[in-house]
Amino acid sequence: MDSKQTEFSSICRLDQGNRSIPRLPLEGNIDLTYRCNLECRHCWLRIPADSGASAKELTIDEIMRIVDEARKLGCRAWSISGGEPMLRPDFPEIFEYIIFRSAFYTLNSNGTLITPRIAQLMKQKGHKMISFYGADAATHDRITRRPGSFEDTLRGIRYLREAKAGFTVQLVLMRDNMYQRAEMIEFARSLSPSWRFGADWLYPAASHDPQQNREIFEQRIPARTLVALNPEDFALEHPTPDASEKALSLKGTESGYLFNSCILAKKDFYIDPYGKLTFCCFIKDPELMFDLRQGSFREGWDTFLPSLAHKIPKDTEYQENCGSCAIDRDCRCCPAFAYLENGRYSAKVDYLCELASASCQAKQDWIANHRRNYQIAGITMQVESDLPMTGSTFHPKFKLFEAAAQGQDIIRIHHYFSLPRPDEMKLDTKPFIRAPWAIYETDQSWLYLCIGSKADLSDYNQVAVFDKNFTQARIFHHASKKEYFLSGNLESLTMLTSDQMLLALALADRHGCYFHSTGLVFEGKGLLFVGHSGAGKSTVTTLLRKHVDILCDDRIIVKKQQDFFQIHGTWSHGLIPDVSSGSAPLQAIFILKKAEHNGVARITNKRDIIRALLSFVIKPAVSTDWWGKTLALVEDIVGKVPCYYFYFQKDTPILDLVRSALNDEEHGG
């Protein structure tokens, strides 16, 4: 699996509105020490392993007290890092205490100090990231400045494998190893199916030490080169929820203070090795830190951190630089980074300005080559793909639905060409099976596993993840589908059996649904001829085509618009390939009936109409919620739109039948 896309869980964390959750300390971040047994050239926190700073670090008893106090306020996840956290001799006891009092954890380590005992503890469910800085010992050890560190890390990984403890290889790129990028990727894949790149850019030293900063700045890859190496990481307009929240909150866009929205929106916190609590790991200003040795965690969270929201105002320097920048949405800068780099929260970071400019261009290029917009029934289907798109990627029929700009109602679809592992998907519940799909429901999403006809849950070739409102879709395909995608002429935007699988579900929240039907526009009036396969939908279309505009001969969307209903063309046609993105107000519904004689008869029993129309609704893998919304919609349609039985013979004129029904309606028949 590729790059950051190996992190299936982060890709699929669809933005479901944690904004409504009260301000609670849900996740803790703690550095157990800044000391490290390595001396990496790029590290912004490093302190020598034998530093006297160890005497100032939190004791295990203090850490346990803080963990317990945070837990009482809601903390159920911890991220543990350093320095090298395993440098502490009491690390196993600290780690064990934290992980058995958490629902989840993340651990960052260089892996050199992993022991069999620690490896056994790391079997517990959580993200374990082991860093590498080269594909061979020469490159890796040159960066760590510790001969033998490459082999020490490999030894730690052997212990993890023996313990069957999964882990992610984290690669950190810099000037001294970027020439090995391809080799590092292959090396990471050889060690673990899960791997990722670490920080996009190198942070300035927390100590502000000039010599340390010179070494770090020397290792920074030139901005345009860095973007060229990872264009997809810098180009995506919709980053992961964590990244987008950070971009919003750290800029403090909601007030005249730099950290206002960051502090009030965040549901995590940071604790340094000496017991100082703050709202972000990049905050190193003592004025913005609360001493947990002098007060309780509750006091720090409830009182001190909120007080910082109005601590740092947006001054003239900020307003003249970052505050008035036209490309700030593409910038990774924040006041905390400015403080690290320049000693002032309001200062700009020149390197990040260059990175933002390159990112902006990469985004424009990526959108042009990896995104298309299509409009159907007033909904924008925004389709993105890891692979480039061309004018022939999708069938020519989609040209009629293509849109240059997005509307207000957007469904976002992203295609990935690698499959997640079963353990990444966390399929803990029993699925609903509707061949070829096994369907799982989670708190935030629906997960569809394409398992074919054998119902073997371990044998899948497609995974679709939808958010609960069906406004976002992450669709994962087997790598073999790359060639199929690039060959073009695809019949569906989702690359699923039919786009109806997503749209039919999304329409329920938009007062709409699909019908097995032909949709025609006659003298500005929308006419719906409903019927199953073989009922004569295409025949009726053929008989009337000289007198009407064809929307589609097999699938039509009916959607409520204020106090009337509109029919919309779709690309899901039957025997007649004519399709249209057009629409018209629904004037009449005709239920097709083959007969020996032509005729039309008004249906007056609403219960009969509802029962009949429900049989023609396109049904996705439904839930009670979907059924309730659809039933209410059909009842509403029946109350406003006249419905007829339409009896006809093949190859006989039927235009007069249509006219008579419409005339009858106009005259109150």
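Treat the numbers as computed from the prediction; the structure is a model and nothing was measured.
Under the 3.5 Å distance criterion, with hydrogens and angles disregarded, no donor-acceptor pair is assigned to the side chains of Glu84 and Thr33. A donor atom on one side chain and an acceptor atom on the other are found under 3.5 Å apart for Arg224 and Ser357. With hydrogens and angles left out, the side-chain atoms of Thr168 and Ser194 include a donor and acceptor closer than 3.5 Å. No side-chain donor from either of Gln472 and Arg412 sits under 3.5 Å from a side-chain acceptor of the other. Side-chain contact, Asp386 with His414: a donor N or O sits under 3.5 Å from an acceptor N or O.
Every residue two or more places apart in sequence or in another chain that forms a side-chain contact (heavy atoms from CB on, under 4.5 Å) with Phe95 is listed here: Ile80, Phe91, Ile99, Tyr105, Leu107, Leu121, Met122. Evaluation of the side chain to side chain donor-acceptor pair (under 3.5 Å) rule for Asp330 yields Lys363 as partners, not counting sequence neighbours. Every residue two or more places apart in sequence or in another chain that forms a side-chain contact (heavy atoms from CB on, under 4.5 Å) with Asp315 is listed here: Glu317, Tyr318, Ser346.
A distance of 11.0 Å separates NZ of Lys276 from CZ of Phe290, quoted to the nearest 0.5 Å. How far CG of Asp90 is from CD of Glu57: 9.0 Å, rounded to the nearest 0.5 Å.
Judged by the 6.0 Å distance and 45° axis criteria, Arg71 is not positioned over the aromatic ring of Trp78. For Arg372 and Tyr374, the positive end is not near the middle of the six-membered ring at less than 6.0 Å and at most 45° from its axis.
Taking every heavy atom of both residues into account, Pro85 and Leu32 meet most closely at CB-CD1, 4.0 Å.
Here the side chain of Lys267 pairs a donor or acceptor atom with the backbone of Ala265 at under 3.5 angstrom. Between the Lys559 side chain and the Ala377 main chain, a donor and an acceptor come within less than 3.5 Å of each other.
Using cut-offs of 30° and 60° for the angle between ring planes, the Tyr257 and His310 rings count as perpendicular.
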